[in-house]
Amino acid sequence: MANSKKLLKSKASIKRAGKQALASQPDSNALHPVLSELHSFLSQHLFSSKCLTFDTQPSAPLLAAKPKLLLALSGGLDSSVLLHLLVTLKPLLGFELYALHVHHGLSSNADDWAALCEQQCRLLDVPITISRVSVDQASKLGVEAAARLLRYQALFNEQSAIQAGFVVTAHHQDDQAETLLLQLLRGAGVKGLSSMAAVDQTRSLMRPLLGVPRRTLFDYAVQHNLTWCDDESNSNTKYERNFIRHDIMPILQARYPSVQSVIARTASHLAEASSLLEVLAEMDAQDIVVNSSICLQGLAQLGLVRAKNLLRWWFAQHKIAMPTSDHLAEMLEQLLNAKPDAELSINIQHYTLRRYQQRAYLCVPQVNEPYDMVWNGEATLTVPNGGLLTFKQVQGAGLALKLGMTRLRITNRSGGERFKPDVTRPTRTLKHLLQAANIPPWQRDHVPLIYWQDSLACVPGIGVAHELKAADDEPGLEVTWQPAAFEAHQSQA
C-alpha cells in the first residue's frame, strides 16, 4: 500500500478524453460493447424506487428527480474507464453523477493521485469530493482491510450527504474471480463464495462491470486515449489478492485460458444458491422468529442444516459478521441442549447471545444508571438507560385520566418495590411479578417504574395499580415500553 503510483499518460491526454466524452451525444444503437453492456445494466437497475427521489414541493406534482450515482474514483484504470463510460451515458439515461476520491495518505504520491482525479472530473464536468482518512497501519485487520473499511465509510457518508441512490464501484470480472479464490482458500460458505453482487441493495452498492474482463477495460482506455495511474503496491505479492493475481492466475490461465470467466460464472451460480438459502431462512423465520427472538423448540425441529442456515440469516439481520463453522455449531449446541434453567451468555461481537424460556435473544450489553425524569404529556419518551416509552389515550384501560394523570415521575428500580395490579390478588414484590410475567432477567432492572403522587402507578408489562385503573367506560392512559436494542419482549400496561 505504501508504494507509489505513476501516471501512464500525459495530462494533455486527459483533456482530449474530456473533450471527447463531452462533445459526443451517443447513439444507443451504435454503442461500444462495454458501453452497451453498461447501458443495459443501468437501464435495468437505475430507475428502481431505490435509486429515485421525488420532488415533494407542495405546489408541484409528484415527479421523480434524476437518479444520483456516486462513483468511487481511485484514478486507476478501472475507475477511470468507468468514469468515462458513465459520463458518456449521462445524456442517454439522464442521471446525475458525482465522484469521491479517498486519500488514504499511505504514499508520498497520494496527493498526485487526488490531483489527477480532480483534473479528470473537472474536465468531464463531474463534481468530486476528496475525502482524507487516516489508516491505522498497526491495525489487527491489516493495512488493506483497515483502508478498505475507511474507504467504504467515506463513500457511504458522502452518499448520505448528497442523497445518492447507489455507490458505484469499478470491480470487474478478474476481481470477481480473485475474490472467489480468496474466499475458497479461507474456507468460506456459499454466501462468501458467491463473492460480490452486481447490485447490493442492503449497502446500496452497484458493481456494473463484474461481467467485463480487465483486458477489455484496458483496450477501451487505450482506444479512447484515457489517462490513469498505476498503484505500484499492486505488484507486491505479500498481499493475498496480489499473490492470487500475479502468481496463481497466470498458471491457471496457461492451462485454462478462460479461467476468469469460468470462475466468475461459478460465483454467479453460488450467488443464486445463496439467494435460495436466504429465501428458505425467511420462510423458516416466519414461524420461529418473533420480535427478533428465536423459538428454540421450532429451531430444533428444523434439523441441523436448516437450523444453522436460520442462525446465519438471523445474525446477518443484525449485521453480525459470520462466526466460524465450529463457533456456529457450538452456539447451536448450547442453545438447544443446555439445561432449562441454565444461564446461557455467549459474546458474539457487540452482542450477547442469551437463552430464556426456550427462546434465544441477541442483546446489547447496557449499564443501568440511576435516573429520575418527569412526563409532561409527550407522546413518547426515551429512557436514559435505553428503550422507549409510548403514551396513548385509550378507552377502558391504563391509568384513569379522571384522576388527573399529569407530571408522572419515571425512574428505575431500586429494589424492594411492592405492587398490586389485581384487586383480587394480594400485593406482591415487583421481583416476583416480573418473574411471573416471564420478562427476561437481563431486562428486569431496566423496566421503568411510573409514579403518580409518590405511589407506584404503573409498571409496563405488569399492569396498573388497581386503585388507579380506568374503568371500562372511562378514558385511560396506556403506557408501552419498548426495550432498547433488538431484545424481543414487548411490554404494555
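Considering all non-hydrogen atoms of both residues, Ala281 and Leu310 come closest at O-CD1, 3.5 Å. Nearest heavy-atom pair, Leu389 versus Pro448, reported as atom, atom and distance to 0.1 Å: CD2-CG, 3.8 Å. Minimum heavy-atom separation, Arg359 to Ile288: NH2-O, 3.3 Å. Of all the heavy atoms in Ser74 and Cys229, the pair that sits closest is O-SG, 4.4 Å. Summarising the geometry of Gly387 relative to Trp481, their closest heavy-atom pair is CA-NE1, 4.0 Å, with the distance given to 0.1 Å. Across every non-hydrogen atom of Pro127 and Leu97, the tightest pair is CD-O, 3.3 Å.
Only one option out of Gln253, Gln173, Arg265 pairs with Gln260 in a side chain to side chain donor-acceptor pair (under 3.5 Å); it is Gln253. Looking at Asp175, Val168, Asp200, Leu82 one by one, the single match for side-chain contact (heavy atoms from CB on, under 4.5 Å) with Arg207 turns out to be Asp200.
Thr411 places a side-chain N or O within donor-acceptor distance of the main-chain N or O of Tyr371, the cut-off being under 3.5 Å. Judged by distance alone, the side chain of Gln349 and the main-chain N or O of Ala321 form a donor-acceptor pair under 3.5 Å. Asn242 places a side-chain N or O within 3.5 Å of a backbone atom of Asn234 that can act as its donor or acceptor partner. Of the possible polar contacts, none joining the His104 side chain to the Ala110 backbone as a donor-acceptor pair under 3.5 Å is found. Formation of a donor-acceptor pair under 3.5 Å by the Arg413 side chain with backbone atoms of Leu449 is not found in this model. Of the possible polar contacts, one joining the Ser80 side chain to the Gly75 backbone as a donor-acceptor pair under 3.5 Å is found. A distance-only check finds no donor-acceptor pair linking the side chain of His318 to the backbone of Ile320 [under 3.5 Å]. Formation of a donor-acceptor pair under 3.5 Å by the Ser195 side chain with backbone atoms of Leu193 is found in this model. At distances below 3.5 Å, not a single donor-acceptor pair connects side-chain atoms of His171 with backbone N or O atoms of Leu210. A donor-acceptor pair is defined here as one N or O able to donate and one able to accept, closer than 3.5 Å; no such pair exists between the side chain of Ser258 and the backbone of Ser261.
Asp231 and Ser233 are linked by a side-chain donor-acceptor pair at a separation below 3.5 angstrom, with hydrogens and angles left out of the test. Side chain to side chain, Thr179 and Arg241 meet the donor-acceptor criterion of an N or O pair below 3.5 Å.
How far CZ of Phe41 is from CE of Met206: 5.5 Å, rounded to the nearest 0.5 Å. For the atom pair Glu278 CD and Trp313 CH2, the distance stands at 8.5 Å (nearest 0.5 Å). We find the SG-CD1 distance between Cys458 and Ile410 to be 9.5 Å, quoted to the nearest 0.5 Å. Interatomic distance, Arg214 CZ to Leu77 CG, rounded to the nearest 0.5 Å: 4.5 Å. For the atom pair CG (Asn412) and NE2 (His446), the distance works out to 9.0 Å, reported to the nearest 0.5 Å. Separating the CG atom in Leu69 from the CG atom in Leu89 is a distance of 10.5 Å, to the nearest 0.5 Å.
Side-chain contact between Lys68 and Gln159 is absent, with no heavy-atom pair separated by less than 4.5 Å. A 4.5 Å side-chain heavy-atom check between Leu185 and Ile244 finds at least one atom pair inside the cut-off. A 4.5 Å side-chain heavy-atom check between His327 and Ile346 finds at least one atom pair inside the cut-off. Residues Met331 and Pro323 meet the side-chain proximity criterion, which asks for heavy atoms closer than 4.5 Å. Residues Ile348 and Leu362 have side chains in contact (heavy-atom distance under 4.5 Å, counting atoms from C-beta outward). Side-chain contact between Ile294 and Leu335 is absent, with no heavy atoms from C-beta onward closer than 4.5 Å. Counting heavy atoms from C-beta on, the side chains of Leu70 and Phe156 never come closer than 4.5 Å. The side-chain heavy atoms of Met249 and Ile263, taken from C-beta on, include a pair separated by under 4.5 Å.
Between Tyr220 and His84, a ring centre-to-centre spacing shorter than 6.0 Å is recorded.
One finds no salt bridge joining Asp445 and Lys431 here, because no Lys/Arg side-chain nitrogen approaches an Asp/Glu carboxylate oxygen to under 4.0 Å. Electrostatic pairing of Glu178 and Arg245 counts as a salt bridge here, judged by a charged N lying under 4.0 Å from a carboxylate O.
Other residues, nucleotides and ligands contribute at most 12 non-hydrogen atoms within 6.0 Å of the CD atom of Gln297. Around NZ of Lys90, the count of heavy atoms belonging to other residues, nucleotides or ligands within 6.0 Å exceeds 12. Heavy atoms from other residues, nucleotides or ligands lying under 6.0 Å from CZ of Arg186 number more than 12.
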Kindly determine whether Val133 and Arg151 satisfy side chain to side chain contact (heavy atoms under 4.5 Å, CB included), including the steps that lead there. CA-CA 8 Å; Val133 299; Arg151 183 163 60 251; over 6 Å; no
Verdict with reasoning, Val126 to Leu86, per side chain to side chain contact (heavy atoms under 4.5 Å, CB included): CA-CA 10 Å; Val126 175; Leu86 291 170; over 6 Å; no
Could you walk me through whether Leu150 and Val135 pass the side chain to side chain contact (heavy atoms under 4.5 Å, CB included) test, one step at a time? CA-CA 7 Å; Leu150 290 173; Val135 181; 3.9 Å; yes
After noting the C-alpha distance and the side-chain angles of Trp314 and Leu353, does the key distance pass the side chain to side chain contact (heavy atoms under 4.5 Å, CB included) rule? CA-CA 12 Å; Trp314 191 44; Leu353 179 63; 3.8 Å; yes
